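A, B, ... follow the sequence lines: proteins, then strands. Residue 1 opens every chain. Since the structure is predicted, the reported quantities are computational estimates derived from the model, not experimental observations. Below, all heavy atoms of this structure are taken into account, side chains as well, without hydrogens, waters or symmetry copies.
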Amino acid sequence: MNIQKLISSVRQAKKLRPLNDFHRAPRSGIDVMTEEFNDALYLLKELFKQFKAHGCKIDISFYGEVFVLLPESVHRFELAISDRPYIKNAKDLLKKLENVQFLKLDNMDVNNTLTVSIKTIRPRAEWKHFSVSEFKSEYGLFAESILKELRQRVRYYNSPDTNEWTVNHSSAEDKLAVIHFGGALLGPASMLYYLSQHLRKVIYVNDLSINGNQITVNKSYPGDETNHYFGKKEDAFFKKYLFDYTAMSHEHDKNN
Amino acid sequence: MTNQNNIICLGVNELYQVKKARYLPTTLPTLCFFEFTQTLQDTIDNARKLLFEQSLHEITIHTSNVNWYFNLTNRYHHNIRSLMHVDAMNISFSGMLRAYKQPHFSTANISINQLQFNRIPINSINLDQLTTPLAKGLINKIKQLSRQLTEKEEVYYNIEPIVSNLRELDEKTAFDIHLERCSQLDLLNRQENQIYATMTALETEMNYLSEQLLYQVFGLSKGDWLSYVSQNDAALTQLQFEQCRVYGDTINIIGPSITKAGVLGKREQYINIEFGAEK
């Protein structure tokens, strides 16, 4: 895929990003202010050019995640661009805030916080953050330091990444997030609102499927299933926000 | 003026009116950051001015100068509609994610005085200002209300012992004398309630007028730091204005004292301004 196509699929996925607010394991990707979005895309484009020059393969998922495959190995990494404060540990701040109403922080800068973060796709891999302002416009240098960091990490991996990895993997968590987001967005007029309330009390959801005109929730053991039927409004919503959704068949409409 | 930046960090609490509709934990920010700039200070000052002129309790303003940090994603979330709440003494921020239609989380209150860049100015009270026509008008109104209140009080305290005895008796002998509707005794009972209601209304009106007097004549509002030299014994009192009351011909300003070090102390202090002598 050429770079322009990659960038436009990132742009398309932007409207799906609000799902992350309702997601227990939010997906990485580009999360910046709307005013900053074009700047972030420009930065991404320049980085893609550098990665391509190094022979990397780039994939964009349905939800707008960016995956890069190193040329010489089988390992991939995720790339995210976001605004984050340079605080080492939010827990320290929270602990201090238990006793006082507020804290004055003198050595912080809220204005220039754009960060590129990378992580290899391994279960316990950690994010590494690069401040964009440090590199100014030297994209070659930027891409090189990202790749250098990755090569260092990859050197110690002796097994390949999880075998069943695909660009567009879909989990029960994704579907839960869609239901919660739909409940908040469509409000009490929609059945998703009540299903979302109900699912918060459920401790463990084994599997979830959203198909045709029903949602099947499989709780702790097989057979413990409940079905929830939805209408056209939810159908339109799922079409927009859910990957791999087979839309409601409209045959019964034709019969009428 | 502001080379050094003033970033403030706040804790965030969940906010909900309907307990049943509790919000998803992932939609609750962990921390709130904002920069206390001169522009923000001006916005707050303007809001407070409006607050006292219209005698409002709170003003809510849309703002975009707040950053909400989420621990789960380790970043700021954008596209959150944020509101700033300004009341006489405090500010706080609340917000809502795009999907929701009402604010669903809020920060703690911060005292405006604690936010200030510099030392808080201490206003002194100049009694000469009581002679302006505006002040005289307000004082006359207060005096009038005060007279009315005294009259009502006199009646009230005369009736009160009888009525309370009556009520006691009525309870003890529920079946015997029992206050019949429309009987003389019941009328007395109801009158007492009525007088009490009038007294409360008068008191509220007087407190409101006295607040207006302090604001319009001396330019003082709640949360301000005051200093006052008593005319009788030349003793200096410094305090933070929290409440004011009218007793007879004096306005009583109550609030925590300001220590010599320039911080708020624990002890309550009073300033008594007499306006009866003026005529």
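In this structure, the separation between CD1 on I81(A) and CZ on R75(B) is 12.0 Å, given to the nearest 0.5 Å. Rounding to the nearest 0.5 Å gives a distance of 12.5 Å between OH of Y69(B) and CG of D83(A). Taking CZ of F102(A) as the reference point, atom OG of S92(B) lies at 13.0 Å (rounded to 0.5 Å). Between T27(B) atom OG1 and N20(A) atom CG the span is 13.0 Å, to the nearest 0.5 Å. Here I80(B) contributes atom CD1 and D21(A) contributes atom CG; the two are 6.5 Å apart, rounded to the nearest 0.5 Å.
Of the listed residues (T115(A), L103(A), L185(A), L186(A)), the greatest number of heavy-atom pairs within a distance under 4.5 Å of chain B belongs to L103(A).
In this structure, the side chains of C9(B) and L97(A) come closer than 4.5 Å at one or more pairs of heavy atoms. In this structure the side chain of L31(B) reaches within 4.5 angstrom of the side chain of L93(A), judged on heavy atoms. The closest side-chain heavy-atom distance from Y76(B) to P85(A) is below 4.5 Å.
Nearest heavy-atom pair, K101(B) versus A184(A), reported as atom, atom and distance to 0.1 Å: NZ-O, 4.1 Å.
Within the 4.5 angstrom heavy-atom criterion, only side-chain atoms of N79(B), from C-beta onward, approach chain A. For chain B, the nearby part of H23(A) is the backbone; its heavy atoms alone come within less than 4.5 Å. Only the side chain of L97(B) comes within less than 4.5 Å of a heavy atom of chain A; its backbone N, CA, C and O stay farther away.
Counting only N and O atoms by type, the side chains of H78(B) and D31(A) include no donor and acceptor under 3.5 Å apart.
Shown here is K45(A), whose NZ atom has no more than 12 heavy atoms of other residues, nucleotides or ligands within 6.0 Å. The local environment of NZ in K15(A) is crowded, with over 12 non-hydrogen atoms from other residues, nucleotides or ligands closer than 6.0 Å. Residue-environment remark: NZ (K233(A)) exceeds the threshold of 12 foreign heavy atoms within 6.0 Å.
Using a distance-only test at 3.5 Å, with no hydrogens or angles considered, a donor-acceptor pair links the side chain of R84(A) to the main chain of N74(B). Not one N or O on the side chain of T26(B) forms a donor-acceptor pair closer than 3.5 Å with the backbone of R24(A).
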